[in-house]
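To start, the structure itself, in structure tokens.
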Protein chains: 2
Amino acid sequence: MADRVGIAEVAKLAGVHPGTVSRALNPKTEDQVNVDTRARVRRAAKQLGYTANSIARGLRTNSSMTIGIIIPDLTNPIFPPIVRGVESCLTGRGYSAFVVNTDGDAGIERTVFESLLQRQVDGFIFGTGHTGPSVAADAYARGIHAVMVNRDAGGVPYPSAVGMDADGIQAAVRHLHDLGHRSIAHFAGPAAFSTSRVRADAFRAACDSLGLERVIIEAGAYSVEAGKAASAELLAIGPQCPTALVAGNDLLALGAYHSVREAGLVCPDDLSIVGFNDMPFAEDFLPPLTTVRVPLFDLGVEAAQLLLDQLETKTIRNIQVALPVELVVRGSTAVPRR
Amino acid sequence: MADRVGIAEVAKLAGVHPGTVSRALNPKTEDQVNVDTRARVRRAAKQLGYTANSIARGLRTNSSMTIGIIIPDLTNPIFPPIVRGVESCLTGRGYSAFVVNTDGDAGIERTVFESLLQRQVDGFIFGTGHTGPSVAADAYARGIHAVMVNRDAGGVPYPSAVGMDADGIQAAVRHLHDLGHRSIAHFAGPAAFSTSRVRADAFRAACDSLGLERVIIEAGAYSVEAGKAASAELLAIGPQCPTALVAGNDLLALGAYHSVREAGLVCPDDLSIVGFNDMPFAEDFLPPLTTVRVPLFDLGVEAAQLLLDQLETKTIRNIQVALPVELVVRGSTAVPRR
DNA sequence: TTGTAAGCGTTATCAA
DNA sequence: TTGATAACGCTTACAA
């Protein structure tokens with residue numbers, strides 16, 4: 001950078017002491033300084049093109065006004081809206097965010113976490129929660145401020161902002177039931193994620209209460225590829241194959257789209273498919289995807305607010321914010337043909 | 001944060017001077033210190049759970065090892081791959097990235113730019129280039145390190161990493177010509193963006209050299225909404241309406257999808273549509289979108305490399321990296337029916 | 001209301 | 001090879 005003007009130069013030009021410049025320029029202390037000294041300082045600062053060095057400030061105040069957002073993969077379409085939600089809430093309050101990806105790799109997660117820690121971030125937003133030994137668990141043990149978004153931390157009592165997934169699954173199953181389906185499949189996400197368990201449990205409960213046949217296939221990941229694999233398994237069932245599928249998320253649903261087409265079948269005629277999340281452009285798919293809309297942006301906002309609250313109160317309260325979801329019926333579900 | 005162990009504690013435990021600890025722990029200076037003092041220091045550091053404070057380091061070294069990525073909107077699907085490309089290149093070298101959005105608003109861009117400047121970022125990657133007075137122009141004038149990605153800075157001689165857009169457009173037009181189309185439309189993006197001009201110019205040239213009728217409609221933005229508006233204008237032409245459309249990007253193409261459907265027409269029968277970028281999931285649209293694939297991730301990698309080069313050499317060379325693109329033919333283009 | 005000066009956790013220069 | 005010491009640019013008691 002080419003910034004060579006500091007508080008000292010401003011002080012000299014304004015004819016005051018550096019300390020006074022600091023006070024005059026800081027909103028919290030500006031009223032400690034005479035109104036026209038303040039004006040003089042301001043003028044000098046502007047004239048010199050003074051830019052505060054928040055790194056120096058942070059060193060002194062022990063707060064960097066930065067946070068870290070740790071997610072599996074930014075190219076998973078659910079994350080951009082979440083990240084934007086977080087930032088919409090944080091930037092106005094003077095925070096900036098580091099956004100880093102883990103690709104679901106625990107080692108990478110550890111590395112980026114430590115690296116952000118060195119950068120003195122004031123807190124974390126984790127989109128990576130899972131059961132078992134985790135960075136979140138370690139962070140909690142070290143008293144680090146953080147919140148979970150979209151998933152919970154699998155036992156670690158950080159606050160979290162999630163969707164009301166059970167409601168969404170229930171609505172999806174009921175919708176399929178009302179269309180006349182009597183046997184329904186579910187692609188569950190990896191068991192380590194809270195979302196997977198919540199959705200699978202809700203699926204079981206909904207089917208049972210409606211008296212529907214059900215089959216659950218666990219997908220290895222929340223990805224298109226995993227969706228294809230699970231679909232292969234599903235279609236291999238043959239004549240007994242369920243007539244409808246509630247996929248654990250939209251990507252799994254998309255994988256099912258591919259497999260169904262490759263098998264020479266058509267959705268929704270041969271298989272009705274429901275997704276989860278209502279990822280951007282889900283309505284533009286072939287066919288438009290019936291799915292459960294999760295307010296992703298708002299999830300980000302809530303997570304940011306929970307973190308802010310934590311940073312302000314310096315206490316980690318175990319609050320779970322659950323936002324309502326909504327079934328969006330589009331073209332991938334229909335009356336069963338068999 | 002709850003980090004209370006600094007270099008001083010480590011020094012005390014290891015029985016050496018803080019300066020020695022610094023040297024022992026810094027890869028660049030570790031060979032200035034006796035091999036077993038070094039080991040002792042390392043052990044002490046580990047034992048205390050020492051985490052370096054890179055903010056303090058940055059203050060002293062005048063380098064934060066952070067960069068700022070300024071883009072219009074992370075939820076525009078072309079940006080996540082670009083950002084990941086950038087980070088794939090930078091994180092290995094010890095950099096972390098702030099990702100901020102401008103929503104195309106010059107005021108917001110200014111604000112976030114200044115805010116990142118205060119945070120002492122070592123450089124910027126701009127995905128926001130346009131003609132006219134810009135943050136990039138100002139940054140250049142101030143000697144700030146930066147590169148452009150996807151677009152150039154409209155006259156500001158920062159290096160840039162872009163796609164070979166003209167080739168892509170040419171391939172698209174030729175493809176439509178070969179299918180038998182004789183009159184083709186183009187939705188051009190806002191004139192302020194370099195991509196818009198390059199693509200529109202290439203469109204004109206390609207049509208002229210192939211002897212095709214052409215109409216160009218300028219869209220107000222690179223968005224689905226703008227695509228709808230432009231399509232309304234296009235369809236209003238009536239019987240003389242071109243039989244094919246080369247949209248300035250995939251979002252505009254998607255807007256055209258919507259309008260075509262609303263008008264009771266079908267793509268590609270009534271209108272063949274080509275997009276640009278091959279955004280994620282373009283193959284899953286209804287119909288699958290014929291589009292020009294731009295290596296977005298690689299664009300990010302190149303941009304990061306250009307920035308790294310700049311930070312290392314301390315010189316801003318005006319290098320333009322242009323990556324090859326490729327027409328991907330899918331279901332949205334066909335032989336014209338009229 | 002303003003000046004003084006210490007100190008945030010490092011690194012870098014200079015001696016020893 | 002290590003120690004001592006002065007920065008880096010700012011904030012904040014405390015004093016005046």
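Quick note on labels: first sequence line is chain A, next is B, and so on, each numbered from 1. Treat the numbers as computed from the prediction; the structure is a model and nothing was measured.
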Please state how far atom [atom1] in [X] lies from atom [atom2] in [N], giving the value in whole angstrom units.
X: A:Gln32; N: D:dC14; atom1: CD; atom2: P; answer: 14 Å
X: A:His17; N: D:dT12; atom1: NE2; atom2: P; answer: 15 Å
X: B:Asn62; N: D:dC10; atom1: CG; atom2: P; answer: 11 Å
X: A:Gln118; N: C:dC8; atom1: CD; atom2: P; answer: 20 Å
X: A:Ile55; N: C:dG7; atom1: CD1; atom2: P; answer: 23 Å

[X] vs [N]: side-chain N/O to OP1/OP2 distance below 4.0 Å:
X: A:Thr20; N: C:dG3; value: yes
X: A:Ser22; N: D:dT11; value: yes
X: B:Thr37; N: D:dT2; value: yes

- Message: Base, sugar-phosphate or nothing for A:Gly19? Non-hydrogen atoms, less than 4.0 Å.
- Response: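 Touches a base.
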How are the rings of B:Tyr158 and B:Phe126 set relative to one another: parallel (under 30°), tilted (30 to 60°) or perpendicular (over 60°)?
->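 Geometry flag for B:Phe126 against B:Tyr158: tilted rings.
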What nucleotide, of [options], holds the atom closest to the side chain of [X]?
X: B:Ile7; options: C:dT10, D:dC10, D:dG3; answer: C:dT10
X: B:Val16; options: D:dT11, D:dG9, D:dG3; answer: D:dG3
X: B:Asn53; options: D:dC10, C:dA5, C:dG9; answer: C:dG9
X: A:Arg23; options: C:dT10, C:dG3, D:dT2; answer: C:dG3

key: DNA chain D: 5'-proximal contact among B:Asp36 and A:Ala52 (nearest heavy atom)   =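 Closest to the 5' end, via its nearest nucleotide, is B:Asp36.
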(message) Need to verify one output field. Residue with the more 5' nearest nucleotide on DNA chain D, B:Val33 or B:Ala56?
(response)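 Result of the comparison: B:Val33.
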Donor-acceptor pair under 3.5 Å: do we get one between B:Arg4's side chain and the base of C:dG9?
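Result: no qualifying N/O pair found.
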| Is there a donor N/O on one and an acceptor N/O on the other, under 3.5 Å, for the side chain of A:Arg60 and the base of D:dT11? |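 Under the 3.5 Å cut-off, the side chain and the base do form a donor-acceptor pair.
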Please indicate whether A:Arg93 has more than 12 foreign heavy atoms, meaning atoms of other residues, nucleotides or ligands, lying under 6.0 Å from its CZ.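 At most 12 heavy atoms, drawn from other residues, nucleotides or ligands, come within 6.0 Å of this atom.
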Which residue lies more 5' along DNA chain C, comparing B:Val21 with A:Leu59 via nearest heavy atoms
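Comparing both residues, the 5'-ward one is A:Leu59.
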Could you go through B:Val162 and B:Asn150, starting from their C-alpha distance and side-chain angles, then the distance that decides it, and tell me whether this counts as side chain to side chain contact (heavy atoms under 4.5 Å, CB included)? CA-CA 4 Å; B:Val162 299; B:Asn150 190 46; 5.7 Å; no
ask   = Within a strict 4.5 Å, meaning less than it, do heavy atoms of the B:Phe297 and B:Val301 side chains meet?
value =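 Yes; the side chains approach each other to less than 4.5 Å.
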Would you mind reporting whether A:Ile69 and A:Val100 have side-chain heavy atoms less than 4.5 Å apart?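 Answer no - side chains too far apart.
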